[in-house]
Amino acid sequence: MGNVNNMPFLWGSATASYQCEGAWNEDGKGLGEWDFFNHTSNKNINHVDGDVSCDFYHRYEEDIRMMKEGGQNTYRFSLSWSRIIPTGIGEVNEEGIDFYNRVIDCCLENGIEPNVTLFHYDLPFTLACKGGWLNNDMAEWFCKYAKICFERFGDRVKIWATVNEPHFYSYCVNMLGNYPPNRSLDVQSYMQFQYNLMRASALAVRAYRQMGYDGIIGAVHDGGVVELDPATEHPDDVFRYADFFANRMILAPALQGQLPPEMDEILEKLGVSLYRSPNDVEEFRDGKVDFIGLNVYCREYVTDWHGGELAVSANNKGGSSKKVEGKCIAPLFESARDSNVPRNKWGREILPSCMYSTIMDVHERYGAPRIFITENGHGAYEQPDADGMIHDDDRIELLGQFIEHMMRAKRDGARVEGYYLWSTMDLYSWINGYEKRYGLVHIDFENNLERTPKKSWYWYRDLISKYQEQEG
Ligand code: BGP
């Protein structure tokens with residue numbers, strides 16, 4: 001694609017290593033925290049794992065070819081740390097390096113720009129045993145791993161992301177307790193975990209610059225703009241608290257090169273005290289990103305705290321449960337319900353306009369940074385029709401609306417440079433298992449992992465070509 005500072009708009013799709021690769025113990029790969037969790041924990045409530053998944057490890061050529069045929073010119077994927085360094089720190093596994101070399105080369109041969117995330121939730125098990133992201137040494141270990149990836153792949157990979165969704169990841173690990181190691185309502189860990197992830201990100205960004213590569217490096221945030229129930233009595237405070245809780249621990253270090261100035265005051269209210277690195281002021285200052293990746297699914301709709309206890313909820317059982325997403329973050333704020341907004345089967349709001357408000361919020365408050373929409377998707381139960389086709393009209397309609405809102409933000413001045421639909425094909429949806437599907441391509445998990453483009457794959461191909469014609 002040439003110069004990353006002068007690219008056409010990127011249209012692609014995204015996956016993550018543990019969710020699609022399979023080959024969990026092949027060719028020298030080390031054990032991952034998710035391998036261990038899924039093989040041993042009774043909290044693996046859907047009783048499935050990523051051992052095989054869609055077997056991208058062996059079928060990447062077919063998948064990349066389908067991206068190309070679908071008009072996509074970029075692919076966002078992540079590297080498995082334990083495939084590259086089986087014990088997290090130490091010896092490099094050359095077979096793991098070879099695999100990613102094959103994937104990167106295959107992308108380039110097909111005219112697909114690789115956008116590579118260094119870490120997407122799948123921690124090497126040995127590091128999980130050392131306390132994982134609560135261990136303050138993690139930032140240095142991550143930076144060593146990142147440098148190896150830059151050295152081995154940086155000649156061809158020009159778009160890098162450090163960490164995926166440090167906020168949502170920490171929320172699941174430390175508050176919801178649905179990602180390993182399943183801590184619940186642990187606000188202290190929730191904050192420390194995000195701090196350590198963002199310090200790791202900053203060190204990797206700094207290292208990338210020092211190594212003199214000509215690409216760009218960013219971080220990926222689950223951008224959920226804070227919106228207030230109109231009945232909120234203390235709108236300024238509630239906005240500040242909720243925004244700190246959901247966004248600021250990520251966006252302030254990434255885009256402003258510092259921890260949020262309001263951090264100490266709010267952490268005191270939450271009874272949290274962070275273990276900080278003595279040099280973090282300089283580390284964050286030198287670790288500002290070139291772009292921010294936003295994964296847009298929903299907003300953070302909130303109101304005043306009404307006195308309830310700390311509580312969080314999610315629905316990982318889909319249609320068989322009535323639970324909806326929500327939180328009460330005593331004593332700061334709590335989720336509000338908007339009866340005008342429909343929810344999906346997993347209890348999450350469906351509101352495509354949050355694409356516009358999320359982008360504009362970041363654009364206006366963080367000095368107009370370069371933005372990629374690194375994920376946007378719609379999860380659903382799906383069955384092929386008699387003709388063998390998945391007629392995913394809901395996905396087409398909703399994602400079409402999300403994309404319209406993205407284009408509106410772009411017209412209003414936001415520097416959006418690419419869009420990645422989640423996901424390239426059906427894959428393992430973390431604790432939601434395999435029944436929740438997001439893919440442009442259907443995977444028949446019962447029948448030799450056969451791949452079939454869905455109706456949305458054709459729609460996306462035509463949409464890309466329409467926008468490319470307009471771009472000229
Ligand atoms: C994002 C993650 C992805 C993906 C997606 C859908 O938070 O970065 O890995 O899984 O959400 O979420 P889920 O699969 O839980 O429905």
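As the structure lists them, so they are numbered: ligands from 1, and atoms in each ligand from 1.
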task: Give the atoms of ligand 1, by number and element, whose distance to some non-hydrogen atom of Lys436 is under 4.0 Å.
output: 16 (O)

task: Measure up the Trp430 and His120 rings against each other and bin them: parallel (under 30°), tilted (30 to 60°), perpendicular (over 60°).
output: parallel

- prompt: Side chain of Arg248, backbone of Arg240: donor and acceptor closer than 3.5 Å?
  reply: no

query: How close does the nearest protein non-hydrogen atom get to atom 5 (C) of ligand 1, and which residue and atom is it?
result: Tyr297 OH, 3.4 Å

Please output the side-chain donor-acceptor pairs of residues 397-404 that fall under 3.5 Å, not counting sequence neighbours, one pair per line with the distance.
from: Glu397; atom 1: OE2; to: Gln401; atom 2: NE2; distance (Å): 3.3

message: Evaluate Asp338 against Arg299 for salt bridge (charged side-chain N to carboxylate O under 4.0 Å, His left out), listing each step before the verdict.
response: CA-CA 12 Å; Asp338 185 341; Arg299 63 177 175 170; 3.2 Å; yes

- line: ligand 1 atoms nearer than 4.0 angstrom to some heavy atom of Trp430 are 3 (C), 9 (O), 10 (O)

- request: Would you mind running through ligand 1 and noting each atom that sits below 4.0 Å from a heavy atom of His120?
  value: 2 (C), 3 (C), 8 (O), 9 (O)

task: Considering heavy atoms of the protein only, find what lies nearest to atom 2 (C) of ligand 1 and give residue, atom and distance to 0.1 Å.
output: Glu375 OE1, 3.5 Å

query: For ligand 1, does Trp346 get within less than 4.0 Å through its side chain, its backbone, both, or neither, judged by non-hydrogen atoms?
result: neither

query: For atom 14 (O) of ligand 1, which of Gly318, Ser429, Gly433, Gly377 has the closest heavy atom?
result: Ser429

task: Run the numbers on Tyr100 and Ser80 for side chain to side chain donor-acceptor pair (under 3.5 Å), then give the verdict.
output: CA-CA 9 Å; Tyr100 291 115; Ser80 158; 4.5 Å; no

message: I'd like to know whether ligand 1 has Tyr438 as a neighbour, heavy-atom separation below 4.0 Å.
response: yes

query: At a 4.0 Å threshold, what atoms of ligand 1 neighbour a non-hydrogen atom of Glu165?
result: 1 (C), 2 (C), 7 (O), 8 (O)

message: Given Glu325, which partner from the list Arg343, Lys345, Arg337, Arg348 fulfils the salt bridge (charged side-chain N to carboxylate O under 4.0 Å, His left out) test?
response: Arg348

field: atom 15 (O) of ligand 1 [closest protein heavy-atom partner, distance rounded to 0.1 Å]
entry: Asn432 ND2, 3.0 Å

query: Would you say the side-chain atoms of Asn376 and Tyr419 include a donor-acceptor pair closer than 3.5 Å?
result: yes

4.0 Å heavy-atom contact, Tyr121 with ligand 1: yes

Numbered atoms of ligand 1 (with element) below 4.0 Å of Asn164, judged on heavy atoms: 8 (O)

query: Parallel, tilted or perpendicular: which fits the ring planes of His167 and Tyr190, with parallel below 30° and perpendicular above 60°?
result: perpendicular

- request: Identify the residue among Arg395, Arg437, Lys455 that makes a salt bridge (charged side-chain N to carboxylate O under 4.0 Å, His left out) with Glu382.
  value: Arg395

- request: Could you tell me whether Tyr179 and ligand 1 have an N or O pair separated by under 3.5 Å?
  value: no

